[in-house]
There are 2 protein chains.
Amino acid sequence: MQCSKIDPVQDTATIVSDLRARGHRLTPQREAIIGAVLKAKGHIVPVELARAVQRRMSAVNPSTVYRTLSLLEDLGVLKHSHLEHGPEYYRATSQDHVHLRCARCGTDDDLSLDEAERLKQLIYAHAGFLPDLSHFAISGLCAACQAR
Amino acid sequence: MQCSKIDPVQDTATIVSDLRARGHRLTPQREAIIGAVLKAKGHIVPVELARAVQRRMSAVNPSTVYRTLSLLEDLGVLKHSHLEHGPEYYRATSQDHVHLRCARCGTDDDLSLDEAERLKQLIYAHAGFLPDLSHFAISGLCAACQAR
DNA sequence: GTCGTTGCAAAGCGTTTGCAACTAT
DNA sequence: ATAGTTGCAAACGCTTTGCAACGAC
């Protein structure tokens, strides 16, 4: 229930030395990609990053971008997210609800309408942002799987 | 621990008559696909549904499944979700945070750590489900865009 | 010079589309 | 008989992979 993770500032220098410590090399392409990654706020969508990098550096092959992203994941600079990969369609009749899916056992559950409403309020209280909860999935661990 | 879902029952019969009302036809393939859609709880991932249908009915072409899903969307049986399409990677150093993205203007915002923590608590209170908020994006409308 | 890295091209996967054959009505 | 539907094959966009050339060290 804690979320006090210290956020070590990750600068190019640190990443590059981690890279070298593992016997990897710094190439102009990697420099550009790392730069783009650090500049990105929030999430990183591979295709978009690939395009962004290519805009700055004429000819970086997409495969290089993909390979570098996965290298950065190995180095611990990036993490892969399965969270938002998912559903494409949902039943039109279903009311706003928040779907909970256990990442380990795959069990699905929903917040009650009341709980969903409170969640909505909580978010709305932040600068009046109105979330679209018409369909919403949150990944995590169910009680049973946490115990294991 | 179940929540009260008041899911207006959408049965095959209703869907089929809507279908016909629009001048569409009922084929064995569509029957199978509709059956699978109704059986699905929660979200529907096209590829998975396609495979599920093919398991039951030897030779349904994937394109038929895709076309039927989009037809069902036209009929209002399904809705398309853009919500969870997105990010693949996120910075490993970033703290748990909840990302808010305005669907209209694209502005990004984050809940404060405190707000994120309360959101986590709220979800945790439901059957002890521990959400993974390490990276999380919620779509909706920012205050400015609601006004427009 | 070594060996990690790159670009290229080909292949993979999910999805879309054109078209001729089929079939529910 | 008349459209709406289907399967097939081709095409598409994103991603991965094998391989030879390249270049950081």
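By convention in this document, chain letters (A, B, ...) are assigned in the order of the sequence lines, proteins followed by strands, and residues within each chain are numbered from 1.
One finds the CG atom of A/Asp114 at 5.0 Å from the CZ atom of A/Arg118 (value rounded to the nearest 0.5 Å). Rounded to the nearest 0.5 angstrom, B/Lys79 NZ and B/Glu73 CD are separated by 10.0 Å. The distance from the OG1 atom of B/Thr14 to the CG atom of B/Leu38 is 9.0 Å, given to the nearest 0.5 Å. Annotation: the span from B/Leu119 atom CG to A/Leu119 atom CG amounts to 4.5 Å, rounded to 0.5 Å.
B/Ser63 and B/Asn61 form a side-chain donor-acceptor contact under 3.5 Å, judged by distance and modelled atom types alone.
Considering all non-hydrogen atoms of both residues, B/Ala36 and B/Arg56 come closest at N-NH2, 3.9 Å.
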When you compare the protein's N or O atoms with those of nucleotides 11-14 of chain C, which come within less than 3.5 Å of each other, and at what distance?
unit_1	atom_1	unit_2	atom_2	d
C/dG14	OP1	B/Arg51	NH1	3.4

Between the protein and nucleotides 18-20 of chain C, which nitrogen or oxygen pairs are less than 3.5 angstrom apart?
unit_1	atom_1	unit_2	atom_2	d
C/dG18	O6	B/Arg67	NH1	3.3

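Between the side chain of A/His126 and the backbone N or O of B/Asp110, at least one donor-acceptor pair lies under 3.5 Å. Checked by atom type and distance alone, the side chain of B/Glu115 pairs as donor or acceptor with a backbone atom of B/Ser112 at under 3.5 Å. Side-chain atoms of A/Arg22 come within 3.5 Å of backbone N or O of A/Asp74 as a donor-acceptor pair. The closest donor-acceptor contact from the side chain of A/Gln54 to the backbone of A/Val60 lies under 3.5 Å.
One atom, CD of A/Glu73, and another, P of D/dT16, lie 10 Å apart when rounded to the nearest Å. Atom CG of B/Leu71 is separated from atom C1' of C/dT16 by 16 Å (rounded to the nearest Å). Atoms CG (A/Leu69) and P (C/dT6) sit 12 Å apart, rounded to a whole Å.
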> With Watson-Crick and G-U wobble geometry limited to distances under 3.5 Å, how should the secondary structure of DNA chain C be encoded in dot-bracket form, using | for bases paired to another strand and [ ] for crossing pairs?
Replying inline: |||||||||||||||||||||||||
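Judged as a salt bridge (charged side-chain N to carboxylate O under 4.0 Å, His left out), and not counting sequence neighbours, A/Arg25 has no contacts. Residues satisfying the salt bridge (charged side-chain N to carboxylate O under 4.0 Å, His left out) test with A/Arg20, not counting sequence neighbours, are none.
The side-chain contact (heavy atoms from CB on, under 4.5 Å) with A/Leu78 is formed by just one residue from the set A/Leu72, A/Leu71, A/Thr68; it is A/Leu72.
The stretch residues 20-32 of chain B comes close to DNA chain D through B/Gly23, B/His24, B/Arg25, B/Thr27, B/Gln29, B/Arg30, each having a heavy atom under 4.0 Å from the strand.
Within the 4.0 Å cut-off from OP1 or OP2 of D/dT6, not a single side-chain nitrogen or oxygen of B/Asn61 is found.
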